[in-house]
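Working notes for the structure below.
Along the sequence shown, the residues carry numbers beginning at 1.
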Amino acid sequence: TGEEELETYPTFELVGYDDVDLVIVPHIAGVVKKTKFAGLTETEIKNKSANDEKERIADLSISAFERGIKKRRKKKKKKGMQAEEEA
């Protein structure tokens, strides 16, 4: 039929390998790392990237809001202490 096979990203990405021959049983040792988009299709990757960006922006806005609250508290404390010193 005319269905396209969905292409997925591999789970692991080869970083490097080397012959290990200074051991009892010589062998090839390899290093792999798990890819960020392991087993996802192109559309799933786009959706995940969009969601990640939305989460990042939400975190930034929450931290900015919390910084503003801390600044307001410090200003109120300073104003309250100045009023007590003048009295």
Side-chain angles (χ1 to χ4, degrees):
T1 63
E3 291 184 35
E4 293 181 17
E5 290 186 31
L6 296 177
E7 183 178 325
T8 58
Y9 277 75
T11 305
F12 296 103
E13 178 181 334
L14 181 64
V15 176
Y17 61 91
D18 192 16
D19 291 332
V20 181
D21 54 359
L22 298 175
V23 292
I24 296 172
V25 180
H27 61 280
I28 296 177
V31 178
V32 295
K33 68 177 183 177
K34 188 173 181 180
T35 58
K36 184 177 180 182
F37 303 115
L40 300 178
T41 61
E42 296 266 344
T43 55
E44 291 171 332
I45 291 171
K46 289 178 184 176
N47 291 339
K48 184 175 181 176
S49 297
N51 288 339
D52 289 346
E53 184 66 18
K54 286 179 185 178
E55 288 176 11
R56 188 184 70 80
I57 291 171
D59 288 341
L60 286 174
S61 62
I62 288 172
S63 65
F65 176 74
E66 289 173 347
R67 269 187 267 129
I69 289 174
K70 288 179 185 177
K71 285 181 182 178
R72 281 186 235 125
R73 285 183 187 163
K74 287 181 183 178
K75 285 182 183 178
K76 286 182 182 179
K77 286 182 183 178
K78 286 181 182 178
K79 287 181 182 179
M81 292 195 138
Q82 287 175 356
E84 289 176 7
E85 291 174 0
E86 292 174 0

Spacing of OG1 belonging to Thr41 relative to NZ belonging to Lys46, to within rounding of 0.5 Å:
10.0 Å
Please determine whether residues Phe65 and Ile57 belong to a single hydrophobic cluster, defined as Ile, Leu, Val, Met, Phe, Trp and Tyr linked transitively by side-chain heavy-atom distances below 4.5 Å.
no
Interatomic distance, CD@Glu42 vs CD1@Ile45, rounded to 0.5 Å, equals 5.5 Å
Result of checking Lys54, Arg56, Lys48 against Asp52 for side chain to side chain contact (heavy atoms under 4.5 Å, CB included)
Lys48
